[in-house]
Student: 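Provided herewith is a single structure, encoded as structure tokens, for subsequent inquiry.
We use all heavy atoms of the structure for the numbers below, so side chains are in, but hydrogens, waters and symmetry mates are not. It should be emphasised that the depicted structure is a prediction, and the values quoted were computed from it without experimental measurement.
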Amino acid sequence: MKIAIGCDHIVTDTKIKVADFLRSLNYEVIDVGTYGYTRTHYPIFGQKVGKLVATGEADYGIVICGTGVGITTAANKIKGIRAALVRDMTTAIYAKKELNANVLGFGGKITGEFLICDIVDAFLKQDYLPSKENQKLIAKLNALEENYVSIETTEDIFEQYLEKWKQGVYHD
């Protein structure tokens with residue numbers, strides 16, 4: 001199994017320890033960086049991990065920044081990615097079991113490296129358990145990617161929303 005991993009500069013040490021942990025379990029690790037402590041920007045690395053997973057070059061991804069919010073959001077911008085920002089094992093297991101998450105996001109300054117490793121291990125061992133309800137939810141998440149329409153910020157933004165509603169852009 002191939003796991004892509006990426007981080008920003010403030011948690012490089014955490015990423016290295018998580019990558020080493022994965023290698024100790026005989027996973028193939030694709031480390032997309034960053035590799036040092038020079039200031040970088042997390043969207044670069046969230047995107048790299050997301051693309052590897054979305055294209056099938058990696059089976060799963062792990063993204064880490066200070067809080068996890070930014071890099072997880074960046075990974076989720078890639079079509080086909082269902083990234084979950086987690087801080088506990090229960091959330092990670094739910095994300096995999098119910099929503100078939102394919103990327104885990106962590107706040108390396110919030111969650112310690114040992115807990116991150118335990119969470120990753122539990123996530124990777126958990127199977128996705130498809131059900132009709134889960135499949136419907138995932139289809140709705142995927143539809144958000146397909147139906148995304150950028151709306152310009154103008155003074156008549158409410159009118160734009162109403163017009164799009166009339167056109168059928170928004171639906172359950």
Side-chain angles (χ1 to χ4, degrees), residues 1-23 27-113 115-124 126 128 137-153 157:
M1 185 181 300
K2 294 181 185 178
I3 313 295
I5 190 167
C7 69
D8 69 0
H9 62 287
I10 65 171
V11 292
T12 300
D13 54 341
T14 302
K15 181 206 63 173
I16 291 168
K17 289 176 180 165
V18 173
D20 287 346
F21 170 75
L22 289 167
R23 288 184 190 101
Y27 292 108
E28 183 178 338
V29 176
I30 305 169
D31 185 343
V32 301
T34 191
Y35 307 107
Y37 301 96
T38 303
R39 182 168 174 74
T40 62
H41 299 284
Y42 54 76
I44 297 164
F45 305 100
Q47 178 187 33
K48 285 182 178 186
V49 169
K51 285 185 175 181
L52 287 169
V53 174
T55 61
E57 294 175 64
D59 299 295
Y60 295 101
I62 298 168
V63 292
I64 312 168
C65 69
T67 65
V69 174
I71 200 164
T72 305
T73 301
N76 264 324
K77 296 292 182 181
I78 305 300
K79 185 176 181 176
I81 296 304
R82 287 177 305 285
L85 173 59
V86 300
R87 291 187 169 87
D88 61 81
M89 202 169 296
T90 301
T91 305
I93 289 170
Y94 171 83
K96 176 79 168 288
K97 183 169 65 171
E98 303 286 330
L99 299 175
N100 202 15
N102 50 16
V103 173
L104 278 183
F106 292 98
K109 295 296 183 186
I110 309 251
T111 307
E113 66 194 53
L115 181 55
I116 291 173
C117 291
D118 286 345
I119 292 169
V120 167
D121 188 41
F123 175 84
L124 293 172
Q126 176 64 54
Y128 166 57
L137 289 171
I138 292 169
K140 286 183 181 206
L141 291 172
N142 292 342
L144 293 173
E145 296 171 341
E146 301 297 325
N147 296 323
Y148 175 75
V149 178
S150 178
I151 298 175
E152 297 299 319
T153 304
I157 194 155

Student: Keeping the roles fixed (side chain from Gln47, backbone from Ala74), state whether a donor-acceptor pair exists under 3.5 Å.
Tutor: no
Student: Quick one: do Asp20 and Arg23 make a salt bridge, cutoff under 4.0 Å?
Tutor: yes
Student: Sort out for me which residue in Ile71, Val63, Thr72 forms a side-chain contact (heavy atoms from CB on, under 4.5 Å) with Tyr42.
Tutor: Ile71
Student: What's the shortest heavy-atom distance between His9 and Tyr37, and which atoms?
Tutor: O-CD2, 3.4 Å
Student: Inspect the surroundings of CZ in Phe106 and state if more than 12 heavy atoms from other residues, nucleotides or ligands are less than 6.0 Å away.
Tutor: yes
Student: Atom NZ of Lys79 and atom NZ of Lys51: how far apart are they, to the nearest 0.5 Å?
Tutor: 14.0 Å
Student: Could you tell me whether the side chain of Leu85 reaches within less than 4.5 Å of the side chain of Val69, counting heavy atoms only?
Tutor: yes
Student: Please walk me through it: do Phe123 and Tyr60 pass ring pair (Phe, Tyr, Trp, His ring centres under 6.0 Å)?
Tutor: CA-CA 10 Å; Phe123 175 84; Tyr60 295 101; 5.6 Å; yes
Student: Say you draw a straight line from CG of Asn100 to CD of Glu98; how long is it, rounded to the nearest 0.5 Å?
Tutor: 11.0 Å
Student: Looking at every heavy atom in both Ile10 and Lys109, which two are closest together, and how far apart are they?
Tutor: O-CE, 3.3 Å
Student: Within the 4.5 Å heavy-atom criterion, are Val120 and Tyr27 side-chain neighbours or not?
Tutor: no
Student: Would you check, one step at a time, whether the test side-chain contact (heavy atoms from CB on, under 4.5 Å) holds for Phe21 with Asp121?
Tutor: CA-CA 9 Å; Phe21 170 75; Asp121 188 41; 4.0 Å; yes
Student: Between atom CD1 of Ile5 and atom CD1 of Ile16, what is the distance when rounded to the nearest 0.5 Å?
Tutor: 9.5 Å
Student: Please give me the minimum heavy-atom distance between Ile30 and Ala58, naming the atom from each residue.
Tutor: CD1-CB, 4.2 Å
Student: Taking the side chain as every heavy atom from C-beta outward, state whether Leu22 and Ile62 have any atom pair closer than 4.5 Å.
Tutor: yes
Student: Can any side-chain N or O of Asn102 pair as donor or acceptor with the backbone N or O of Arg82 at less than 3.5 Å?
Tutor: yes
Student: Quick one: closest heavy-atom pair of Thr34 and Thr12, and the distance?
Tutor: CG2-OG1, 3.6 Å
Student: Are the side chains of Leu124 and Ile3 in touch, meaning some heavy atoms are under 4.5 Å apart?
Tutor: yes
Student: May I ask you to decide if Ile116's main-chain N or O and Thr111's side chain share a donor-acceptor pair within less than 3.5 Å?
Tutor: no
Student: Backbone N or O of Ile110 within a donor-acceptor pair of the Arg87 side chain at under 3.5 Å?
Tutor: no
Student: What pair of heavy atoms forms the shortest contact from Ile93 to Gln126, and how long is it?
Tutor: CG2-OE1, 3.4 Å
Student: To check you understand the geometry: which heavy-atom pair defines the closest contact between Leu52 and Ala4, and what is its length?
Tutor: CD1-CB, 3.9 Å
Student: How many angstroms lie between atom CD1 of Ile64 and atom CD of Glu113, to the nearest 0.5 angstrom?
Tutor: 10.0 Å
Student: Are any side-chain N or O atoms of Asp8 and backbone N or O atoms of Thr40, one a donor and one an acceptor, separated by less than 3.5 Å?
Tutor: no
